[in-house]
Participant: 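Pasting in a structure now, in C-alpha cells, and then I'll have a few things to ask.
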Number of protein chains: 2
Amino acid sequence: MASTPNKRTGRRIRSVEIAFTILDAIRANEATSVTELADELGHSKSTIHSHLRTLESQEIIVRQDDGYRLSLQLLDMANDVREQVANYEVIVDEVDKLASETGEIAHFGLEEHGKVAYLYKAMGTQAVETVSRPGGKQPMYSTSLGKAILAFLPADRRREILDHVSFAPKTPKTITDPERFADELDVITDQRYAIDDEENIEGLRCVAAPVKNENTVLGAVSVSGPVSRSTDEVLHGELAESVQRTANVIELNTKFS
Amino acid sequence: MASTPNKRTGRRIRSVEIAFTILDAIRANEATSVTELADELGHSKSTIHSHLRTLESQEIIVRQDDGYRLSLQLLDMANDVREQVANYEVIVDEVDKLASETGEIAHFGLEEHGKVAYLYKAMGTQAVETVSRPGGKQPMYSTSLGKAILAFLPADRRREILDHVSFAPKTPKTITDPERFADELDVITDQRYAIDDEENIEGLRCVAAPVKNENTVLGAVSVSGPVSRSTDEVLHGELAESVQRTANVIELNTKFS
DNA sequence: GTCGTCATTCCCGTCTCGCGAACGGAGGTT
DNA sequence: AACCTCCGTTCGCGAGACGGGAATGACGAC
C-alpha cells in the first residue's frame, strides 16, 4: 500500500475486487477455507462462499482436502502471457547466452504498472542465489533494469511513472532524492547502460541495457553479480559491453508487430 | 459447453463471471479494446470499461498500445501454483529422467474439474511434436494419464466424474461406450498402468502409471510416442515398466503434508 | 449422545452494477 | 478548416445482484 502508482480514476467493480482479494489469500496460502477466509478478509462466510463457488466454476481454483488451491489453468494463462509478450523466444535464447557467457544471473524485465517485472531469468554457472523469479516485481528506481527502461521511455510516460512513485529506500545505497535520480537518468541516457550498485539488494551489483523498439522501450537486459566479483572495472567494462551486445541482438531479432 | 462437469449448485457472482469472460477474450487475443470486447462479449462499452479498469488496478492486465494484454503477474501466480502442488521439484526431476531415458515425451498430469491437466512436460531427444503444454487440459477418458488416474481414484470421486462426463470421440479409436470404458478401467486397475492407443490424438500412443498417495491419487506419469516406434511390445514392455518405475520413485519421494 | 466446528442455504435490504446515451478527443477525408 | 467517424470515457438511472446475518446441515470428537 505504500506505493500508489497508476491510481487511475473511474469506476471499479467491487465484487471483482473482492474476488481477487480472495484469490490473493489463496495464492499466499494464508487461508484456504471458507471460515478462515471470512475471518482473514473481513467478509461474511456467505460472501466468501459464493465467491469461492464462482472461482471454482471458472476453474481458477480447485478444492483440495480441506481448502482450496490455485488451479493449473493459471499455468496455461502464463503460457498465453509469454505468447503475448513480443519476441519471448528470442529473449530466452539471448538471456541464456548472456548468463552462460558471464556466468552470472541474467534477467530480462519490462515495465508494468510503474514497476519492473521480470519476464525471464537465467542462471550462469557461478550465479549467486537471488529471490527474483519470473513475474516478480521490483521498484524501477532501485534496479538497473528499471533505470535503464526509465531512461529511454518516452518523456510523458516517464513523467507519469515518476510522478506516482515514492522513493522508499531498499538499502542504504538506494537513491531516494528525485533530483539525484534525474541526474542518474541523464548519465544512463548518455552511456546507454545503467548500474545498480547495491541499491536494491545489499551485496549485489547489476548492469542493464535497454532493448529499444522504434520510439519506445520493450524492456531491458541485466547481469547481476556479487560485489566481490563485480568491480567497477568489470561492471563498466566487460559486463556493460555484454548486456549492450545482448540488447542489440534482441533488438535486431525483434519482429515489429 | 459440450461438457458439464462439476456443475455444483450455489450462487455465482455475475460480475466476477463477466470479469473472467473478459480475461478469457484478452487471453485469446480475440479482442483487446473496449469496443471490440463490448461487441464480442455482448456487453455495453461502459460495463467493459469499468471491468477493464478494475482488472488493470488489480494489475492483472496491462495497457499496450491500443488494447490490453495479460500482465506478468500471471507468471508470478504460476509460480505459486507450482509451489502449491505437492512435490513439484521431485516430479520435474523424475519426468526429466523419464524423458531422457526413453527419448520420448513424458508428462505428469493430475485431475482437475473432471479433466486431466498437464503439470509438467519433458521432451526426449526423439520426441514428437505435440501441442500439449503445462496447464493444458484433456479429457480423462481418451488419455492414458486420465485413465490411470481414474482407475485409482476413490470410488465416489470416480463416480462423480464419470457421471458428469460426456464421451465425445477425439479420434476414431476413442472409447465412447461407458460400459467398455468401465471394463478398460478394470484392466488398468489390474495391470497398474494405462494405455492410450491413438484414442486422443491420431498417430500417438501413450502409457501412463498412477502416482498414489495413501488412499488417493496425486496424478500420473506418461510417455508418448508415435505409432511407428510404439509397438505393443514396446508399450506394454519397457515403456510400461519405465513409467511405473518413475511413478514409484515419485511416490517414495513424496513428502506427506 | 452432545457439543463444537465448518460448509451451505435462505432471506432481506441496500447499494452496486450494467445499461444507454451523451460527451470529448483524435484522426481522416473533403 | 470544417465536417465526420470512431474511439474511450463519463453520467444518471433503475433493476436486481450482492453482502450480511442467522438458520440449517453435515461431520467429528469426546
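Letters A, B, ... are given to chains in the order of the sequence lines, protein chains preceding strands, and every chain is numbered from 1. Values reported hereafter were calculated over all heavy atoms of this structure, with side chains retained and with hydrogens, waters and symmetry mates removed. As the structure is a prediction and not an experimental result, all values here were calculated from the model.
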Participant: Could you state the CD-P distance from A/Q64 to C/dA7, rounded to the nearest angstrom?
Facilitator: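 Taking atom P of C/dA7 as the reference, CD of A/Q64 is at 15 Å.
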
Participant: Measure up the B/F181 and B/Y141 rings against each other and bin them: parallel (under 30°), tilted (30 to 60°), perpendicular (over 60°).
Facilitator: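 If you compare the ring of B/F181 with that of B/Y141, the planes turn out perpendicular.
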
Participant: Starting at the 5' end of DNA chain C, which residue's closest nucleotide do you reach first, A/R14 or A/G67?
Facilitator: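 So the residue in question is A/G67.
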
Participant: Taking atom types as they are modelled, is there a donor-acceptor pair under 3.5 Å from the base of D/dG19 to the side chain of A/S50?
Facilitator: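 Side chain to base: no pair present.
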
Participant: Write down the distance between CZ (B/R12) and P (C/dT9), rounded to a whole number of angstrom.
Facilitator: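 My rounded result for the distance is 10 Å.
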
Participant: May I have the distance from B/R63 (atom CZ) to D/dC7 (atom P), rounded to whole angstrom?
Facilitator: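 The distance from CZ of B/R63 to P of D/dC7 comes to 15 Å, rounded to the nearest Å.
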
Participant: Which residue, A/G42 or A/R11, contacts DNA chain D at a nucleotide closer to its 5' end, judged by nearest heavy atom?
Facilitator: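 Final value for this comparison: A/R11.
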
Participant: Got more than 12 heavy atoms from elsewhere within 6.0 Å of CZ, A/R180?
Facilitator: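 For A/R180, atom CZ is not crowded (no more than 12 foreign heavy atoms under 6.0 Å).
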
Participant: Return the 5'-most residue of the pair B/T35, A/S44 with respect to DNA chain D, ranking by each residue's nearest nucleotide.
Facilitator: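 Nearer the 5' end of the strand: B/T35.
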
Participant: Of all the choices, C/dA7, C/dG20, C/dC17, which nucleotide is nearest to the side chain of B/S15 once you look at every atom?
Facilitator: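 In terms of side-chain proximity for B/S15, the closest of C/dA7, C/dG20, C/dC17 is C/dC17.
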
Participant: Quick one: is D/dG8 close enough that its OP1 or OP2 comes under 4.0 Å of any side-chain N or O from B/H49?
Facilitator: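 B/H49 to D/dG8 OP1/OP2: no side-chain N or O under 4.0 Å.
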
Participant: Looking at the side chain of B/H43, which of C/dC6, D/dG19, C/dC19 is the nearest nucleotide?
Facilitator: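 Nearest nucleotide to the side chain: C/dC19.
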
Participant: Could you check which of C/dG18, D/dT9, C/dT8 has an atom nearest any side-chain atom of B/V34?
Facilitator: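 Looking only at side-chain atoms, B/V34 lies closest to D/dT9.
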
Participant: Round to the nearest Å and state the distance from A/L52 atom CG to C/dT9 atom P.
Facilitator: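 One finds 13 Å between P of C/dT9 and CG of A/L52, rounded.
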
Participant: Considering only heavy atoms and no angle criterion, is a donor-acceptor pair shorter than 3.5 Å present between the side chain of B/R53 and the base of D/dG8?
Facilitator: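 For B/R53, whose side chain was compared with the base of D/dG8, there is no donor-acceptor pair (under 3.5 Å).
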
Participant: Rounded to the nearest angstrom, tell me the gap between atom CD1 in A/I48 and atom C1' in D/dG21.
Facilitator: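 The distance from CD1 of A/I48 to C1' of D/dG21 comes to 14 Å, rounded to the nearest Å.
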
Participant: Between atom CD1 in B/I18 and atom P in C/dC19, what is the gap in whole Å?
Facilitator: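 Value for this atom pair: 6 Å.
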
Participant: Once side chain to side chain donor-acceptor pair (under 3.5 Å) is applied, do any residues pair with A/K170, and if so which ones, sequence neighbours excluded?
Facilitator: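 Expected list: A/Q138.
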
Participant: Please determine if B/K137 forms a cation-pi arrangement with B/Y118, meaning its NZ or CZ atom is less than 6.0 Å from the six-membered ring centre and no more than 45° off the ring axis.
Facilitator: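 Geometry flag: not set, cation outside 6.0 Å or 45°.
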
Participant: Checking only heavy atoms, does the side chain of A/S46 share a donor-acceptor pair with the base of D/dG20 at less than 3.5 Å?
Facilitator: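 For A/S46, whose side chain was compared with the base of D/dG20, there is a donor-acceptor pair (under 3.5 Å).
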
Participant: So which nucleotide from D/dG8, C/dC6, D/dG21 ends up closest to the side chain of B/S33?
Facilitator: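 Taking heavy atoms from C-beta onward, the closest nucleotide is D/dG8.
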
Participant: Would you say the side chain of A/E83 lies within less than 4.5 Å of the side chain of A/Y88, judging by non-hydrogen atoms?
Facilitator: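 With C-beta onward as the side chain, the pair stays apart.
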
